[in-house]
Participant: 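A single structure is presented below for examination.
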Amino acid sequence: MTIERSCLAVILAAGDSTRMKSSMSKVLHPVAGRPMIAHVMAAVAATGIADVALVVGRDADNVAKAASVDGLSVEPFLQTERLGTGHAVLAAKAAIARGYDDILVAYGDVPLITEGPLLAARAALAEGADIVVIGFHTARPAGYGRLLVEDGELTAIREEKDATDEERKVTWCNSGLMAINGRKAIDLLSRIGNSNAKGEFYLTDLVEIARSLGGRTVAVDAPEEELTGCNNRAELAVIETLWQQRRRHQLMLSGVSMIAPETVYLAYDTVIGQDALIEPNVVFGPGVTIDSGAVIHAFCHIEGAHVSTGATVGPFARLRPGADLAEGSKVGNFCEIKNAEIGVGAKVNHLTYIGDAFIGAGTNIGAGTITCNYDGVNKYVTRIGANAFIGSNSSLVAPVSIGDDAMVASGSVITSDVPAEALALGRARQEIKPGRAVVIRQRNLAIKAAKKAGK
Ligand code: UD1
Ligand code: CA
């Protein structure tokens, strides 16, 4: 659905963060690896809105930066005193006064919101309402403004503190998200007063104000889950759980298999293709793409990485930023891969660190191989050709290149380039001393006996 009307989104993020007990603004706390405010912005962008007025309090620069999601033009406005939600919206008066068909107000601390309710609110404006409130039904209405409805029209929103006992029994609540007729917004907003129990300028008063001027006011319903707000870190954890459940469910319906989905943690931008299998206890950081048919075995930590079709990872593997696994390649248990290309069908099976490297197709990296990429100051690159064989427990001291079809004997420390098809040995030659083990064992037994006698 696209709506052919101009729209300004006003996002309120100047609120009280004290219950977060944090040095950081509430809306900067991450959900799925991305600041809360950016989730709200992504929902706004998904509704086709481009212009955003962001009302900020503390940490204004960082909040504005975090809110600058692709495709949005974000203009920050400072609310220096917290005098209520109506006052907060008016902090963006200069932007509202430019004249839009629709004004959409959303909170920066309600990160599970999606475009559905926002589009529904705008659709109701297009049908002639002056105020559209997004409401939700809840079993625990305490603390929320109640939606008072008569004959299908919203007649008022009553804040908990101002409500009668009868009004408090209402379970349809104000999410705080609201759409306002943009042509009347400045006039309506400037009529809000502060004679109420909290002495604040309530945005919710717009309902009664618009009605007193003959306007239509309606409420649209949305799922409670999407409107979950965050006030403290326990609520933040609930929001994270809800977000993870929702995204895992979407991925499974799109063809991704998860054996124990509740143990898989996704980032906001995790991409997983059809027929990929994600085993239990896998954590995805930002920037991961898993192609179709790849298998991620149990207990992997994957961040900034790409895993191609038919590749397998883990169990117990760590892929760090820049890890790029080609088709059919394999990274096994207790391996770490950073900023490295693993070629088609190449194998890095056990207890290995590959960093700043290119590994050619079909190459086998033996157990315990280490690319020594760092000299304590600078990082260097290791290049290994196709179909090479690196023996177990080798150290490849970068910068170094190993040619196609070359072999490195196990236990080698490789410090100079190995040509194609060559064998490199970089270790002490083995010596055999016949009978010597017996002599050493007898000497050790004698030492032990002498100690015991001396006591
Ligand atoms: C508000 C609504 C209430 C609704 C509830 C939903 C009003 C008067 N009440 O109440 O009906 O059920 O949200 O959560 O609107 N903010 C500012 N500047 C301010 C005050 C608030 O930016 O001066 C921002 C906050 O960051 C927050 C949002 O506005 O994101 C709501 O503020 P809050 O104080 O939490 O409002 P409630 O009292 O919960
Ligand atoms: Ca609140």
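In each ligand, atom 1 is the first atom listed, and ligand 1 is the first ligand listed.
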Participant: Ignoring hydrogens, just give me the one of Arg146, Arg82, Glu200, Gln79 whose non-hydrogen atom is nearest atom 18 (N) of ligand 1.
Facilitator: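 It is Gln79 whose heavy atom sits nearest to atom 18 (N) of ligand 1.
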Participant: Determine whether a donor-acceptor pair (N or O, by modelled atom type, separation under 3.5 Å) exists between the side chain of Ser17 and the backbone of Lys26.
Facilitator: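 Flag set: sc Ser17 to bb Lys26 pair under 3.5 Å.
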Participant: Surrounding NZ of Lys338 (heavy atoms of other residues, nucleotides or ligands, distance under 6.0 Å), is the total greater than 12?
Facilitator: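 More than 12 heavy atoms, drawn from other residues, nucleotides or ligands, come within 6.0 Å of this atom.
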Participant: Give a yes/no on ligand 1: does Glu159 have at least one heavy atom closer than 4.0 angstrom to it?
Facilitator: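 Right, Glu159 reaches ligand 1.
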Participant: So, is Tyr202 polar-close to ligand 1, with some N/O to N/O distance under 3.5 Å?
Facilitator: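 In fact, backbone or side chain, Tyr202 has no N or O that close.
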Participant: Which bit of Ser175 is near ligand 1, meaning a heavy atom under 4.0 Å away: side chain, backbone, both or neither?
Facilitator: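 Ser175 to ligand 1: backbone contact only, side chain stays beyond 4.0 Å.
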Participant: Using a 3.5 Å cut-off on N or O atoms only, is Gly84 in polar contact with ligand 1?
Facilitator: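 Looking only at distances, the answer is yes, because the N/O contact criterion of under 3.5 Å is met.
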Participant: Would Tyr107 count as a polar contact of ligand 1, with the cut-off being nitrogen or oxygen pairs under 3.5 Å?
Facilitator: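 In this structure, Tyr107 places an N or O atom under 3.5 Å from an N or O of ligand 1.
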Participant: Please lay out, stage by stage, how Asp109 and His29 fare under the test side chain to side chain donor-acceptor pair (under 3.5 Å).
Facilitator: CA-CA 9 Å; Asp109 59 0; His29 283 262; over 6 Å; no
Participant: Taking the side chain as C-beta and beyond, is there a heavy-atom pair between Cys230 and Met20 under 4.5 Å?
Facilitator: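 Yes. Closest side-chain heavy atoms under 4.5 Å.
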Participant: Can you list the atoms of ligand 1 that are under 4.0 Å from a heavy atom of Leu83?
Facilitator: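 In order of number, 23 (O).
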Participant: Asn181 and side chain to side chain donor-acceptor pair (under 3.5 Å): which single residue from Asp102, Asp101, Asp130, Asp187 fits?
Facilitator: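 Single pass found, and it is Asp130.
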Participant: For ligand 1, which atoms have a heavy atom of Leu12 less than 4.0 angstrom away?
Facilitator: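 Those of ligand 1 that fall under 4.0 Å from Leu12 are 22 (O), 24 (C), 29 (O), 30 (O).
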Participant: Between Val89 and Met178, is a side chain to side chain contact (heavy atoms under 4.5 Å, CB included) present by the stated rule, with each step listed?
Facilitator: CA-CA 11 Å; Val89 173; Met178 189 187 280; over 6 Å; no
Participant: Does an N or O anywhere in Asn174 fall below 3.5 Å from an N or O of ligand 1?
Facilitator: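 The answer is yes, given that Asn174 and ligand 1 share an N or O pair closer than 3.5 Å.
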Participant: Is it the case that the side chain of Arg34 and the backbone of Tyr268 share a donor-acceptor pair, with hydrogens and angles ignored and the cut-off at 3.5 Å?
Facilitator: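 Looks like no, no N/O pair under 3.5 Å.
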